[in-house]
Amino acid sequence: WTLSHYPEETGVRPCLLEETEIFEKSLNNLGTDEQPSDATRQVLIRLNDQDQHLVSEVCQTIFHLDGRLKEGIPQGKHKVYSVKACGFHIKINPDYPGTEYAVERLMRYLIGHGSTLSRLCRLTARFGGKTTEYAGLITRTEAGEELEKAMKRDPQILNQIDSKSYGQLVLATLLTNPEDAKPDNIILQRLPYPKDPQKLYTLVHIDNDHSFIPPTTSTFFGGRQILYKTMIFCLDQAHLPLDEEAIAEFVEINPKLLLE
């Protein structure tokens, strides 16, 4: 980690302020004031209380010429589209976008990583006189490989996950308790500045709108049992003591200042 990754007293990490600013500016690439060539087929995107025309490349990625949504990439019950030129994924009509944002902010304040940036938008599609509105959850496309694919390609690569970042993820996950942290919803990402040449990777959650679920559930016999649904706790590292530096930084966080 660089010095900018370490939190100030308020929990704010300077590197994340810069990341957020870059993300917010890049969102401007999705809209344009230029009118489409065919006025009977247009899609408006609303960001920052302003409507703009969705740029043609993104429009063609999401919509058929008759206004129907394209299939997108397979990801559960929602239609999700990869907009490679802009570096985003867009999920149509997400379940709990507010939860996604809450997890993103909490994890980035608590540990400085482990979640992606997101923004909610409104898409207004007008095709042939028919108008349809959609909610769109825009998330930053994270560099790396889906954990599921990485595990199949090379199971030993899991031994190269950085101990500190893994320990931080465990602590943060105890608070966020995601319901859908499957291997295909986690990105294995190379660390920019690894301290140990044998520990090159960290993990990033990319689908967090089903989080903060109750930590226990009822059993058939009327008792209670722990309920956690995350791949994080299924890795071999879960059998080892948590990284001491990760614990030390976590307990030094001032909850009052963090929440303010």
Side-chain angles (χ1 to χ4, degrees), residues 1-23 99-118 140 142-144 147 150 156-179 181 183 185-208 211-216 226-260:
W1 308 100
T2 64
L3 287 176
S4 64
H5 284 82
Y6 288 89
E8 298 174 351
E9 185 181 8
T10 58
V12 174
R13 300 169 191 261
C15 68
L16 300 185
L17 294 177
E18 182 179 356
E19 277 188 31
T20 302
E21 183 178 353
I22 293 173
F23 175 72
T99 300
E100 179 84 35
Y101 181 78
V103 172
E104 166 204 325
R105 304 312 298 172
L106 180 59
M107 290 190 70
R108 293 173 77 80
Y109 274 120
L110 286 174
I111 62 177
H113 64 93
S115 63
T116 188
L117 293 165
S118 67
R140 184 179 66 180
E142 294 294 331
L147 182 60
Q156 297 304 314
I157 201 171
L158 298 179
N159 296 326
Q160 299 181 48
I161 295 174
D162 179 69
S163 300
K164 178 181 177 181
S165 66
Y166 174 79
Q168 291 174 321
L169 279 171
V170 168
L171 293 169
T173 300
L174 289 172
L175 297 179
T176 60
N177 198 11
E179 188 180 27
N185 280 335
I186 300 174
I187 298 296
L188 182 70
Q189 189 174 85
R190 195 178 181 91
L191 287 166
Y193 306 102
K195 291 175 60 177
D196 185 342
Q198 302 300 318
K199 304 292 183 181
L200 303 176
Y201 297 97
T202 186
L203 300 172
V204 181
H205 291 262
I206 58 171
D207 190 0
N208 301 299
S211 296
F212 302 118
I213 64 171
T216 62
I226 294 175
L227 178 64
Y228 276 92
K229 298 181 180 181
T230 171
M231 186 64 189
I232 295 295
F233 296 152
C234 298
L235 302 180
D236 289 343
Q237 287 87 338
H239 298 285
L240 302 174
L242 289 184
D243 182 85
E244 292 183 2
E245 188 175 350
I247 296 173
E249 288 183 14
F250 195 84
V251 298
E252 287 178 1
I253 295 174
N254 187 320
K256 184 174 184 298
L257 291 176
L258 181 70
L259 294 174
E260 289 177 350

Nearest non-hydrogen partners of [X] and [Y], listed with the distance:
| X | Y | value |
| --- | --- | --- |
| F250 | L110 | CE1-CD2, 4.2 Å |
| I157 | A150 | CG2-O, 4.0 Å |
| L117 | F23 | CD1-CB, 3.5 Å |
| P214 | N177 | O-ND2, 3.6 Å |
| L171 | A246 | CD1-O, 4.0 Å |

task: Decide yes or no on side-chain contact (heavy atoms from CB on, under 4.5 Å) for K195 and D162, but give the supporting numbers first.
output: CA-CA 9 Å; K195 291 175 60 177; D162 179 69; 5.6 Å; no
To the nearest 0.5 angstrom, please state how far the [atom1] atom of [X] sits from the [atom2] atom of [Y].
| X | Y | atom1 | atom2 | answer |
| --- | --- | --- | --- | --- |
| T230 | I186 | OG1 | CD1 | 5.0 Å |
| F233 | I226 | CZ | CD1 | 10.0 Å |
| H113 | R108 | NE2 | CZ | 10.5 Å |
| E142 | S115 | CD | OG | 8.0 Å |
| L106 | T99 | CG | OG1 | 12.0 Å |
| D207 | E100 | CG | CD | 6.0 Å |

Sole residue of I232, I187, V204, L203 in side-chain contact (heavy atoms from CB on, under 4.5 Å) with L147: L203
Got [X] and [Y] here, is their nearest side-chain heavy-atom distance under 4.5 Å?
| X | Y | answer |
| --- | --- | --- |
| T202 | K164 | no |
| H205 | L169 | yes |
| T176 | N208 | no |

- prompt: Would you find more than 12 non-hydrogen atoms of other residues, nucleotides or ligands less than 6.0 Å from Y101 atom OH?
  reply: no
- request: Walk me through it: do D243 and Y166 pass the test side-chain contact (heavy atoms from CB on, under 4.5 Å)?
  value: CA-CA 8 Å; D243 182 85; Y166 174 79; over 6 Å; no
Side-chain donor/acceptor of [X] to backbone N/O of [Y], under 3.5 Å:
| X | Y | result |
| --- | --- | --- |
| K199 | N159 | yes |
| T116 | I206 | no |
| Q237 | L158 | yes |

field: side-chain hydrogen bond (donor to acceptor under 3.5 Å, both in side chains) between S118 and E104, intermediate numbers included
entry: CA-CA 8 Å; S118 67; E104 166 204 325; 2.9 Å; yes
- request: Under the side-chain contact (heavy atoms from CB on, under 4.5 Å) rule, what do V170 and L242 come out as? Steps first, then yes or no, please.
  value: CA-CA 8 Å; V170 168; L242 289 184; 4.0 Å; yes
